[in-house]
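Have a look at the structure below, then the notes.
In what follows, residues are counted from 1 in the order of the sequence shown. Indexing begins at 1, ligand by ligand and atom by atom, following the structure's order. The analysis underlying the following values was restricted to heavy atoms, covering all of them including side chains, and did not include hydrogens, waters or symmetry mates. This one's a predicted model, so the numbers in the text were calculated from it and none came from an experiment.
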Amino acid sequence: MSQSSASAPDASAQVTGHPAAHASRAAELASLKVSLRGALRQFPDFPSPGILFEDILPIFADPTLHEALIRSLELHILENAGGVKPDVIVGLEARGFLMGPSLALRLGAAFVPVRKQGKLPGPCETQGYEKEYGTDFFQMQAGAIKPGQKVIVVDDIIATGGSAQAGGELIKKMGGELLGFIFLLELEFLHGRDKLPAPVYTLLTGQA
Ligand SMILES: O=P(O)(O)OC[C@H]1O[C@H](OP(=O)(O)OP(=O)(O)O)[C@H](O)[C@@H]1O
Ligand SMILES: Nc1ncnc2[nH]cnc12
């Protein structure tokens, strides 16, 4: 196999974490983040007074940005997993469903949804939580995660961290091993990551 270069790392370099591949992926990721940042829209006082709502939907209206988002999440996992591949990507309803299935396919992992209470058939585990603008209950179907499976949770935004914390609790109840949490956007001033029991990665940070 040929030597890799910074501009075009070969497949073995991607797997082994060759320094040239690392530099190439870091440069690619930095450029993708700039495009994604420019696509976000803000709506004051939605869904309630005092909340500055970060709208991610323009990303999905543009195939180039959509690809940039999924590729950015994949790059982060390739770069930071240390050779450990997730068995399962868990997405949180609803906006985690926009990203989770595509990411799972890229990684050759299963996708499992966490849904709001009352949406899933059959026996479920349930966890209550508080988020930036309300309270809710999350559910996951019993047996959706097998004991010992390695899991990454994905969602669009971490605000107070209540939603992601509840998703993590459901995974722990089923005996899954939480590798980490990954988000498009973090509202840092709410310190949500402090609630989470595994490494947290966010592509972008917001000042809302
Ligand atoms: O960190 P937190 O304070 O918990 O807030 C973050 C959560 O809030 C939003 O979901 P929301 O419950 O509004 O549901 P939606 O995706 O169905 O719109 C967002 O998609 C996250 O899941
Ligand atoms: N400010 C915000 N914008 C969009 N989604 C959110 N979820 C929780 N807080 C949010």
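Contacts between Glu93 and ligand 1, counted as non-hydrogen atom pairs separated by less than 4.0 Å, involve the backbone only. With a 4.0 Å heavy-atom cut-off, ligand 1 is reached by no atom of Leu92. At a heavy-atom cutoff of 4.0 Å, ligand 2 is contacted by no atom of Gln42, backbone or side chain.
Side chains of Thr135 and Glu130: a donor-acceptor N/O pair is absent below 3.5 angstrom, by distance only. With no hydrogens or angles considered, a side-chain donor-acceptor pair links Glu54 and Gln42 at under 3.5 Å.
Comparing Asp136, Ile158, Val114, Asp156 against atom 20 (O) of ligand 1, the shortest heavy-atom distance belongs to Asp156. Heavy-atom proximity to atom 12 (O) of ligand 1, evaluated over Arg193, Lys131, Glu132, Glu130, is greatest for Lys131. Proximity annotation for atom 1 (O) of ligand 1: of Gly96, Ser163, Gly161, Gly161 comes nearest, heavy atoms only.
Residue Ala159 has at least one heavy-atom neighbour below 4.0 Å for each of these atoms of ligand 2: 8 (C), 9 (N). Interface of Thr160 with ligand 1, defined as ligand atoms under 4.0 Å from a residue heavy atom, comprises 1 (O), 2 (P), 3 (O), 4 (O). Close contacts between ligand 1 and Ile157 involve ligand atoms 6 (C), 21 (C) [criterion: under 4.0 Å to a heavy atom]. In the vicinity of Ala159, heavy-atom distances shorter than 4.0 Å reach the ligand 1 atoms 1 (O), 2 (P), 3 (O), 5 (O). Residue Arg95 approaches ligand 2 through these ligand atoms, each under 4.0 Å from one of its heavy atoms: 4 (C), 5 (N). Within the listing of ligand 1, atoms 1 (O), 4 (O) sit less than 4.0 angstrom from a heavy atom of Gly162.
Atom-to-atom distance recorded for Gln139:CD and Thr126:OG1 is 3.5 Å, nearest 0.5 angstrom. In this structure, CD in Glu74 is found 10.5 Å from CD1 in Ile182, a value given to the nearest 0.5 Å. Here the CG atom belonging to Leu178 is positioned 12.5 Å from the CD atom belonging to Gln149, to the nearest 0.5 angstrom.
At a threshold of 4.0 Å, the pair Arg71-Glu28 counts as salt-bridged, since one of the basic side-chain nitrogens sits closer than that to a carboxylate oxygen. Salt-bridge check for Arg106 with Glu67: passed, with a basic side-chain N closer than 4.0 Å to an acidic carboxylate O. Comment: Lys119 does not engage Glu93 in a salt bridge, judged by the lack of any side-chain N to carboxylate O separation of less than 4.0 angstrom.
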task: Take Glu132 and Leu187 through the test side chain to side chain contact (heavy atoms under 4.5 Å, CB included) and record every step on the way to the result.
output: CA-CA 10 Å; Glu132 192 185 9; Leu187 304 184; 3.8 Å; yes
**Prompt:** What's the verdict on side chain to side chain contact (heavy atoms under 4.5 Å, CB included) for Gln127 and Lys173, showing C-alpha distance, side-chain angles and the deciding distance?
**Reply:** CA-CA 10 Å; Gln127 182 69 43; Lys173 281 182 191 175; 3.1 Å; yes
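At a 3.5 angstrom cut-off on N or O pairs, Tyr129 does not count as close to ligand 1. For ligand 2, one of its N or O atoms has an N or O atom of Leu52 under 3.5 Å away. The shortest N/O to N/O separation between Ala94 and ligand 1 falls below 3.5 Å. At under 3.5 Å, not a single nitrogen or oxygen of Asp156, backbone or side chain, sits near a nitrogen or oxygen of ligand 2.
A 4.5 Å side-chain heavy-atom check between Asp155 and Val153 finds every atom pair outside the cut-off.
With hydrogens left out, the protein atom closest to atom 22 (O) of ligand 1 is Asp155 OD2, 2.5 Å, a heavy atom. At the shortest separation from atom 9 (C) of ligand 1 among protein heavy atoms lies Arg95 NH2, 3.3 Å. The nearest protein atom to atom 13 (O) of ligand 1, hydrogens excluded, is given as Tyr133 OH, 2.6 Å; this is a heavy-atom distance. Here the protein heavy atom with the shortest distance to atom 14 (O) of ligand 1 is Lys116 NZ, 3.1 Å.
Residues Phe53 and Phe46 place their aromatic rings such that the two centres sit under 6.0 Å apart. If you look at Phe137 and Tyr129, their ring centroids are not closer than 6.0 Å.
At a 4.0 Å cut-off, not a single heavy atom of Gln165 sits close enough to ligand 1 to count as contact.
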